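So you know, we letter chains A, B, ... as the sequences are listed, proteins then strands, and number each from 1. None of the values given here were measured: they were computed from a predicted structure. Below, all heavy atoms of this structure are taken into account, side chains as well, without hydrogens, waters or symmetry copies.
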Protein chains: 2
Amino acid sequence: MVTMSDVAREAGVSMMTVSNVLTGNKRVGEPTRDRVLAAVESLGYEVNLTARHLRAGRTDTVALIVPSFHDYFGEVADRIAPLVEAGGRHLVVERTSADARSEMESLSMPRLRMYDGVLLSVAGLHSDELDRVPTSTPIVLLGEREVPPQFDHVRLANVEGARLATAHLLERGARRVLALGASAEASVGMESDRHAGWAEAHRAAGLVADERLVTPVPDFTSEAAYDAVTRLLDDGMPFDGLFAVNDTVAFGAVAALAERGVRVPHDVQLVGFDNLGVSRFVPPGITSVDPGYDVVAATAVRLLEQRMAGGDGPHEHVTVPVHLVERGSTRA
Amino acid sequence: MVTMSDVAREAGVSMMTVSNVLTGNKRVGEPTRDRVLAAVESLGYEVNLTARHLRAGRTDTVALIVPSFHDYFGEVADRIAPLVEAGGRHLVVERTSADARSEMESLSMPRLRMYDGVLLSVAGLHSDELDRVPTSTPIVLLGEREVPPQFDHVRLANVEGARLATAHLLERGARRVLALGASAEASVGMESDRHAGWAEAHRAAGLVADERLVTPVPDFTSEAAYDAVTRLLDDGMPFDGLFAVNDTVAFGAVAALAERGVRVPHDVQLVGFDNLGVSRFVPPGITSVDPGYDVVAATAVRLLEQRMAGGDGPHEHVTVPVHLVERGSTRA
DNA sequence: TCGGCCCGGATTAACGATAAACCGAGAAGG
DNA sequence: CCTTCTCGGTTTATCGTTAATCCGGGCCGA
């Protein structure tokens, strides 16, 4: 492997001069620079980033750690990447399994220290587990779980989004609104927040929410949602509105309804959450709560860059506003 | 920052002993090990991976480089991750923009050298550009473009898949099959291969493919597909079958057809390609060519691990077989 | 009883780069 | 004419690990 000292010898200069030419950290005379570049070219030299990182103490790299590359996380990742690059850093994405053990492992200090900063999408971890995550590397948390105060945190307006969605259904005349994937029991997190919003919308409309309409969806997959809705239809459970806690769940519901001949929005109106790219194209177009991806991404990156720049102000906990995007799955 | 030498001092041993305890590379006596571990614990020491990498010459990390985190690439990434982990290495995902400049940059030797191996999904690069990519790091290419022979390469049976899809449509009675997103002109790559399969199926059935049914879709987005199909319908272009070069494109088509009141599969039968997770749930269920994600992932990882293990056999160019998954968008 | 070996551990020497200090020579300034 | 800069470059000292070697002593077989 050709090293910087080979280049230095070839060009008849010191290693520092080669380094300076390559990084541009100090001025180097024109003729010398040319000799160095020629030597680099002829030897095919490429800097060893690992060595640079060790010496410089920076990696110029930010990690985004997500539970999967799908759906919501894919959308977020695609938006975060250019922002990080704009800050002159490189983005890499790592995946945790959704389970806490592996998530904890991804958070092992050795790995985190490889990055100048980390955006961590918290899926499986509880607040007290996060408490033990070391904080010497700047970290910004994303996601709907409760987190300890010593982290910056970006979350969605979950309760508000669910309320918007449900209120929209009620306004359009739905009276029995399924809360698909929601849960009153989950101690804290997306599913309980969205349950709360669902309930709140009912109260605000002077209606009583029927808790029997709260239907769990294991792992929030389309498959599980499909199964759950199919079972409800077979059991004859009456409903004329459906709030899905996310669009992935909504897709399963749409398929189940279509197969049973239940028309959307004629018989059942439906609203999802996340406004995935594909949701607009799933007939009849899924009305969905848009999480403001660009704002989520921009906020997360801004917070992280503040920390990486050495900012040590109080930790921010930002709730990003959401808005409803109306499509064909609810009546005009 | 607490280093290994701090631990060594605290435990009253040499740094090498600490290193050996931590890596397990050499046997260390029970009492000594305990003292070391106690010191590690009490000081909160964590190994510096950057330093380890520099010294050891390995990073135990594999990079998967993809054009975006969406769709096909998300599916592949989710399957590759566990396989790489199973090999005792860590996976990170990097994104290139689809454009060649940025893709070339991601391929800069310095970055590639940070990894023990690289899985590169080739989107924007031409064969002669790839020719200039240095090969000192083991690389396996994924994707449908033509690639130079000095790389291992995993691709799909594109022509065969397109043929399968089109033949299925013809068999089910379709006579004017749109080739949405295909192109006879693209010198080489996914869109021309799939065009070839479309044409081949017609020949095999003794039919003449009407080239006017070949409709380009810029960037292969759902939006562009929606626009293209809408325009065709408005122009009164007759067709009763639709082969979409991928499911993302198919989604756009489905939405356009639904909005214009064209029934699937009654008026137009439709087949996609990629069999994305959501395709099953988009009413009426998208018949799609399944690329055998698990095989793609397993093959790519196997080839890469062979190279990383020092294998220097001839470079393999594997074409993964595909199969058709029938759903409601084509007749039974 | 003695040479050879194994074991647990310490010493030495990098891995490949950069920060910081240093230095000679010409230019600028008083 | 001497001091003080600035410029262009070199020297020195690590960054935090681990591979390779070395070493003392107990144990073994002959």
For [X], ring pair (Phe, Tyr, Trp, His ring centres under 6.0 Å) partners two or more places apart:
| X | value |
| --- | --- |
| A:F69 | none |
| A:F73 | none |
| B:Y72 | B:Y293 |

(request) With sequence neighbours left out, write down each residue that passes salt bridge (charged side-chain N to carboxylate O under 4.0 Å, His left out) with B:E85, or none if nothing qualifies. (result)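 Partners of B:E85 by the salt bridge (charged side-chain N to carboxylate O under 4.0 Å, His left out) criterion come out as none, since no residue qualifies.
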(request) Just jot down the salt bridge (charged side-chain N to carboxylate O under 4.0 Å, His left out) partners of A:D78, sequence neighbours excluded, or say none. (result)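 Residues passing salt bridge (charged side-chain N to carboxylate O under 4.0 Å, His left out) with A:D78: B:R95.
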(message) On the nucleotide D:dT10, are OP1 or OP2 found under 4.0 Å from the side-chain N or O atoms that A:T17 carries?
(response)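 Yes, because at least one side-chain N or O of A:T17 sits under 4.0 Å from OP1 or OP2 of D:dT10.
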(message) Does D:dT11 have its OP1 or OP2 closer than 4.0 Å to a side-chain nitrogen or oxygen of A:S14?
(response)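 Indeed not, no polar side-chain atom of A:S14 lies that close.
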(request) Can you sort out which residues in residues 18-30 of chain A have a heavy atom within less than 4.0 Å of DNA chain D? Ascending by number, please. (result)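 Within residues 18-30 of chain A, the residues near DNA chain D are A:K26, A:R27, A:V28, A:G29.
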Pairwise N/O distances under 3.5 Å, protein to nucleotides 13-16 of chain D:
from   : atom 1 : to    : atom 2 : distance (Å)
D:dT14 : O2     : A:R55 : NH1    : 2.5

(request) Could you tell me which residues satisfy side-chain hydrogen bond (donor to acceptor under 3.5 Å, both in side chains) with A:D219, sequence neighbours excluded, listed by chain and number? (result)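 In terms of side-chain hydrogen bond (donor to acceptor under 3.5 Å, both in side chains), with neighbours along the sequence ignored, A:D219 is linked to no residue.
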(message) If I take atom CG in residue B:D60 and atom C1' in nucleotide D:dT18, what distance separates them, rounded to the nearest angstrom?
(response)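 Computing the B:D60:CG to D:dT18:C1' distance gives 13 Å.
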(request) Using whole Å, report how far CG of B:D6 lies from C1' of D:dT17. (result)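 To the nearest whole Å, that distance equals 13 Å.
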(message) My understanding is that only residues two or more places apart in sequence, or in another chain, count here; which of them pass side chain to side chain contact (heavy atoms under 4.5 Å, CB included) with A:R55?
(response)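 Checked A:R55 against side chain to side chain contact (heavy atoms under 4.5 Å, CB included); zero matches.
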